[in-house]
Asks: 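Starting off with a structure, shown below.
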2 protein chains.
Amino acid sequence: MSFDLTAYLPYLINRTGVELAAAFSREIAPHGVTLQMWRVLAALHHRDGLRISDLADLTSIDISTLSRLVGKMESRGMVNRRREPDADARVVAVALTPVGRATVRAIVPVARRYETVALAGFTAEEAAALKRMLVRVYDNLGGDALDSAA
Amino acid sequence: MSFDLTAYLPYLINRTGVELAAAFSREIAPHGVTLQMWRVLAALHHRDGLRISDLADLTSIDISTLSRLVGKMESRGMVNRRREPDADARVVAVALTPVGRATVRAIVPVARRYETVALAGFTAEEAAALKRMLVRVYDNLGGDALDSAA
DNA sequence: GCAAGATATTTGCAAATGCAAATACCGTGT
DNA sequence: ACACGGTATTTGCATTTGCAAATATCTTGC
């Protein structure tokens, strides 16, 4: 029944993610942005005009949380929400405002520095290998391989 | 101002961690255990009799959340809390009960299977390399390298 | 053209979370 | 022995979270 926590992948990923999130949150707080808001901003920087459900996929934030978060960001002038009249009237397209874009511009350098610190001591090849492996793990979880009984 | 989200390490780590957590949570729910409870149980399995603050370090759960969580787990009979009379009376040692140990025994196989699925297609060397790199990233974040201005 | 089932988003609500203050205890210097 | 600054845990409180129900819209089959 041995089970080595310190070599258990979910443990290693979780603690790294939590640490990264906590440190980064502290750093962007002065910009008036929470970590979740940054995730939305980064997703919209990646591709603007996303729908709420696309944002949920891209940010790993629950869709109902996002609905409220986007509302808050809208009231702060970072994004706007609109239903395209000519398209499916159920979907809400979220787009960056000039303020939102300026916020992204302000935070991207911080984000870059963060990655640099996280990967200190890594060669470019190692960093790329790590990222590739994380994508593979993510993809492994996507399927329904886990639905089967033990 | 380009910023490729899909190659951004914190993004890759976060989405993998969230996915892992969500899927695993679903799976252990029938055992009457939440993910956070499992983290506490796994930490105590790693080393029993830990104090609340040690548990916080090991599980990445906030200490005040842990205080309440351990209370709940105690009321469910999974752990007990005691202040050692001969030792520092401020500290609370948390220990697994027989019920807690049985729960660990029930969940460890699920956890093992999870790691297997997450690492499907990885050679043993690749898996080990991934884990080593995650430890390195975690260690990189530990210091105060991030406190300095950009 | 309309009923019935799908899909996108919002909202209700209870539980979880995290910061800060409160509490309880320890240790040192005098 | 005692005041004082430090440490461990708990508690107060406001915010965030996520599930499920409600709402609005679409789509398909008839």
Side-chain angles (χ1 to χ4, degrees), chain A residues 14 17-19 21-30 32-40 43-44 49-76 79-95, chain B residues 14 17-19 21-30 32-40 43-44 49-76 79-95:
Chain A
N14 179 249
V18 169
E19 190 66 30
F24 191 65
S25 287
R26 270 179 252 125
E27 192 122 5
I28 61 176
V33 177
T34 65
L35 178 60
Q36 302 289 63
M37 288 178 182
W38 155 248
R39 287 184 174 137
V40 170
L44 294 175
L50 288 169
R51 354 193 305 164
I52 296 277
S53 47
D54 295 330
L55 278 175
D57 288 342
L58 212 45
T59 61
S60 304
I61 300 172
D62 182 86
I63 206 166
S64 68
T65 300
L66 259 176
S67 174
R68 282 177 272 242
L69 179 59
V70 168
K72 192 170 297 181
M73 293 174 75
E74 186 174 36
S75 76
R76 295 195 192 172
V79 299
N80 59 46
R81 243 196 289 226
R82 50 178 205 286
R83 305 209 184 234
E84 307 290 353
D86 48 333
D88 189 329
R90 289 170 303 179
V91 320
V92 171
V94 183
Chain B
N14 180 250
V18 169
E19 190 66 29
F24 191 65
S25 286
R26 269 179 254 127
E27 193 121 6
I28 61 177
V33 176
T34 66
L35 178 59
Q36 302 289 65
M37 287 179 183
W38 156 248
R39 287 185 173 136
V40 170
L44 293 175
L50 288 169
R51 351 187 313 162
I52 296 277
S53 47
D54 295 330
L55 277 176
D57 288 341
L58 211 46
T59 61
S60 304
I61 300 172
D62 183 86
I63 205 166
S64 68
T65 300
L66 258 178
S67 175
R68 281 177 272 242
L69 179 59
V70 168
K72 191 169 301 181
M73 292 173 75
E74 185 174 37
S75 75
R76 295 196 192 172
V79 300
N80 59 45
R81 243 196 288 227
R82 51 178 202 285
R83 304 208 184 237
E84 307 290 355
D86 48 335
D88 189 329
R90 289 169 303 179
V91 320
V92 171
V94 183

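Just the heavy atoms: all of them, side chains too, but no hydrogens, waters or symmetry mates, feed the values below. All figures in this text were calculated on a predicted structure; none of them were measured in a lab.
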Asks: Base, sugar-phosphate or nothing for Arg51(B)? Non-hydrogen atoms, less than 4.0 Å.
Replies: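 Sugar-phosphate only.
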
Asks: Would you mind reading off the distance between Glu84(B) atom CD and dA8(D) atom P, rounded to a whole angstrom?
Replies: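 In whole Å, dA8(D) P lies 16 Å from Glu84(B) CD.
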
Asks: Rounded to the nearest Å, what distance is computed from the CZ atom of residue Arg81(A) to the P atom of nucleotide dA8(C)?
Replies: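 About 16 Å, once rounded to whole Å.
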
Asks: Respond yes when some side-chain nitrogen or oxygen of Lys72(A) is under 4.0 Å from OP1 or OP2 of dT15(D), and no when none is.
Replies: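 Negative; the distance criterion is not met.
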
Asks: Do Arg90(B) side-chain and dT9(D) base share a donor-acceptor contact under 3.5 Å?
Replies: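 No such pair is found, so the answer is no.
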
Asks: Taking only N and O in the side chain of Thr65(A), is any of them less than 4.0 Å away from OP1 or OP2 of dG18(D)?
Replies: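 Looking at the OP1 and OP2 atoms of dG18(D), one of them is under 4.0 Å from a side-chain N or O of Thr65(A).
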
Asks: Do Arg82(A) side-chain atoms and Ala93(A) backbone N/O form a donor-acceptor pair below 3.5 Å?
Replies: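 Not at all, since once roles are kept as given, no pair shorter than 3.5 Å links the two residues.
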
Asks: Round to the nearest Å and state the distance from Leu66(A) atom CG to dC19(D) atom P.
Replies: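 Computing the Leu66(A):CG to dC19(D):P distance gives 13 Å.
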
Asks: Quick one: do Ile63(B) and Ile52(B) satisfy side chain to side chain contact (heavy atoms under 4.5 Å, CB included)? Show the steps, please.
Replies: CA-CA 7 Å; Ile63(B) 205 166; Ile52(B) 296 277; 3.8 Å; yes

Asks: What I want to check is whether an N or O donor and acceptor connect the side chain of Arg68(A) with the base of dG12(C) at under 3.5 Å.
Replies: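 Counting by modelled atom types and ignoring angles, a donor-acceptor contact under 3.5 Å is found here.
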
Asks: For the pair made of CG in Leu35(B) and P in dA16(C), what is the distance, rounded to whole Å?
Replies: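 In whole Å, dA16(C) P and Leu35(B) CG are 13 Å from each other.
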
Asks: Using whole Å, what does the distance between atom P of nucleotide dT11(C) and atom CD1 of Ile63(A) come to?
Replies: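 Taking CD1 of Ile63(A) and P of dT11(C), I get 14 Å after rounding.
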
Asks: Could you give the CG-to-P distance, from Asp57(A) to dA8(C), as a whole number of Å?
Replies: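 So the two atoms are 10 Å apart, to the nearest Å.
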
Asks: With a 4.5 Å heavy-atom cut-off, do Lys72(A) and Arg76(A) have their side chains touching?
Replies: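 Heavy-atom side-chain distance check passes, below 4.5 Å.
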
Asks: If you compare every side-chain N and O of Ser53(A) against the phosphate oxygens of dT9(C) (OP1, OP2), does one of them come in below 4.0 Å?
Replies: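 Indeed, a polar side-chain atom of Ser53(A) lies that close.
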
Asks: Against Leu50(A), only a single residue in Leu44(A), Val94(A), Val92(A) fulfils side chain to side chain contact (heavy atoms under 4.5 Å, CB included); can you say which?
Replies: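 Exactly one candidate clears the test, Leu44(A).
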
Asks: Tell me whether the side-chain N/O atoms of Arg83(B) come closer than 4.0 Å to OP1 or OP2 in dT9(D).
Replies: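 It does not, given that no N or O in the side chain of Arg83(B) lies less than 4.0 Å from OP1 or OP2 of dT9(D).
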
Asks: Between Ile61(A) and Asp88(A), name the one whose nearest nucleotide on DNA chain D is closer to the 5' end.
Replies: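 Checking each residue's closest nucleotide, the 5'-ward one belongs to Ile61(A).
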
Asks: What's the CG-P distance between Leu69(A) and dT10(C), to the nearest Å?
Replies: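 Checked: the CG to P distance equals 12 Å.
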
Asks: Within the side chain of Gln36(A), is there an N or O that forms a donor-acceptor pair under 3.5 Å with the backbone of Leu69(A)?
Replies: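 No, because the side chain of Gln36(A) does not come within donor-acceptor range (under 3.5 Å) of the backbone of Leu69(A).
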
Asks: Expressed as a whole number of angstroms, how long is the span from Ile52(B):CD1 to dT7(D):C1'?
Replies: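 Interatomic distance, CD1 of Ile52(B) to C1' of dT7(D): 14 Å.
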
